[in-house]
A.B. asks: 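The structure under discussion is supplied below as structure tokens; questions concerning it will follow.
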Number of protein chains: 2
Amino acid sequence: MTTPEDPPRLRLAEVLAMEQKGNLFAEQCPSRDVLKHVTSRWGVLVLVALRSGTHRFSELRRKVDGVSERMLAQTLQWLEADGFVARKSYPIVPPHVEYSLTPLGLEVSAKVEALADWIEYNLPQILAAQGKIPIDP
Amino acid sequence: MTTPEDPPRLRLAEVLAMEQKGNLFAEQCPSRDVLKHVTSRWGVLVLVALRSGTHRFSELRRKVDGVSERMLAQTLQWLEADGFVARKSYPIVPPHVEYSLTPLGLEVSAKVEALADWIEYNLPQILAAQGKIPIDP
DNA sequence: GTAAGTACGTACAAAAAGGTAAGTATGAAA
DNA sequence: TTTCATACTTACCTTTTTGTACGTACTTAC
């Protein structure tokens, strides 16, 4: 008689296919990469900025105070690859490229904006909790 | 006659005091730091993990697959300093420390969890958009 | 007797992220 | 004619983040 077999090991892709969702608590899950892009230093700001409509590269650069061109380009490429941002370029000189949110991007950015807004509106309380600002004397 | 004076420059703290909220698009705004902590690689996961209740250090470490002790400690300290996490330690040996969400932390973590959940549930679509997984044959 | 568990702090090293500056093609404005 | 603007890319360097490994003080399990 044979020794009892271990149940066959599932590969990540198979598990995902079964449960049809990611698991951020698992180190190998690809959702971690998506999260990284979306919550990256500039990812958050770009997503929120694009909620107010299509923007050109330089418009974004001016709106998101402090991004370098290098990082803005990088961030936009991540978000495009994840299917959150659509890029449309017109083959003219000087170059003209427009960025906008895809339907998927519209959804994530809503979540991201909710978080961003919460932080902005609760900053006073947070600073108070940090003991950095004595609230309203 | 004197030259016309520029309006007096406002410092950040003064602006904040007036509008009573942060502005993430401004490079100097302290809200950027809070965002950094909350959306940091492990910050997101710790906040979500704590939503299911009080956890000990080692419980969190096991739950959040892949964190090193160093980073978990660091992350918890950030979140504690921002007023999102409460730390309670019992002076016994071996050490026993419990972490939980403050009321403020309960609020941010809700936003963070909404984002995390969205990503988990939409992973299949995202991977499909990335062209990495051919959805349902 | 020895190993393991607990909640970190710390020093050192590797990896990742980010910034800076320069280059590109071309047309238009000064 | 020099400069500016556009949307990037690339090379190089600095800063930040993250990981690794070890130490601690004491108890419990083996």
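Quick caveat, the model's predicted, so the values are computed rather than measured. What's counted below: heavy atoms across the whole structure, side chains too, no hydrogens, waters or symmetry copies. The sequence lines fix the lettering, A, B, ..., with proteins before strands; numbering per chain opens at 1.
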A.B. asks: Check whether any side-chain N or O of B:Trp78 sits under 4.0 Å from OP1 or OP2 of D:dT17, and answer yes or no.
C.D. replies: no
A.B. asks: Once you round to the nearest 0.5 Å, how far does CD of B:Gln74 lie from CG of B:Leu79?
C.D. replies: 10.0 Å
A.B. asks: Looking at B:Glu27 and B:Arg32, does any basic side-chain N land under 4.0 Å from a carboxylate oxygen?
C.D. replies: no
A.B. asks: Which base, if any, makes a Watson-Crick or G-U wobble pair with D:dC30, both distances under 3.5 Å?
C.D. replies: C:dG1
A.B. asks: May I have the distance from A:His55 (atom NE2) to D:dA7 (atom C1'), rounded to whole angstrom?
C.D. replies: 16 Å
A.B. asks: Measure CE/A:Met71 against P/D:dA7 and give the value in whole Å, please.
C.D. replies: 18 Å
A.B. asks: Between N or O atoms, less than 3.5 Å apart, protein on one side and nucleotides 6-15 of chain C on the other: list the pairs.
C.D. replies:
from   : atom 1 : to      : atom 2 : distance (Å)
C:dT6  : O3'    : B:Arg56 : NH2    : 2.9
C:dT6  : O3'    : B:Pro95 : O      : 3.0
C:dA7  : OP1    : B:Arg56 : NE     : 2.9
C:dA7  : OP1    : B:Arg56 : NH2    : 2.9
C:dA7  : OP1    : B:Val97 : N      : 3.4
C:dA7  : OP2    : B:Ser58 : N      : 3.0
C:dA7  : OP2    : B:Ser58 : OG     : 2.8
C:dC8  : OP1    : B:Arg87 : NH1    : 2.3
C:dC8  : OP2    : B:Arg87 : NH1    : 3.3
C:dC8  : OP2    : B:Tyr99 : OH     : 2.4
C:dC8  : N4     : B:Glu69 : OE1    : 2.3
C:dG9  : OP2    : B:Gln77 : NE2    : 3.2
C:dA11 : N6     : B:Arg70 : NE     : 3.3

A.B. asks: Over 60° means perpendicular and under 30° means parallel, so tell me whether B:Tyr90 and B:His96 are parallel, tilted or perpendicular.
C.D. replies: perpendicular
A.B. asks: Within this structure, what is the CZ-to-C1' distance between A:Arg61 and C:dT20, rounded to whole angstrom?
C.D. replies: 11 Å
A.B. asks: In whole Å, I'd like the distance from the CZ atom of B:Arg41 to the C1' atom of C:dA16.
C.D. replies: 10 Å
A.B. asks: Can you see which heavy atom on A:Ala129 is nearest to which on B:Asp82, and at what distance?
C.D. replies: CB-O, 4.1 Å
A.B. asks: Should the pair B:Lys88-B:Glu98 be classified as a salt bridge under the 4.0 Å nitrogen-to-oxygen rule?
C.D. replies: no
A.B. asks: Looking only at side-chain atoms of A:Ser68, point me to the closest of D:dT17, C:dG19, D:dG19.
C.D. replies: C:dG19
A.B. asks: Rounding to an integer number of Å, can you tell me how far B:Leu60 CG sits from C:dG5 P?
C.D. replies: 18 Å
A.B. asks: Using whole Å, what does the distance between atom P of nucleotide C:dT20 and atom CG of A:Leu72 come to?
C.D. replies: 14 Å
A.B. asks: Are the side chains of B:Val38 and B:Phe84 in contact, using a 4.5 Å heavy-atom criterion?
C.D. replies: yes
A.B. asks: Could you check how far CD of B:Gln74 sits from P of D:dT17, rounded to whole Å?
C.D. replies: 8 Å
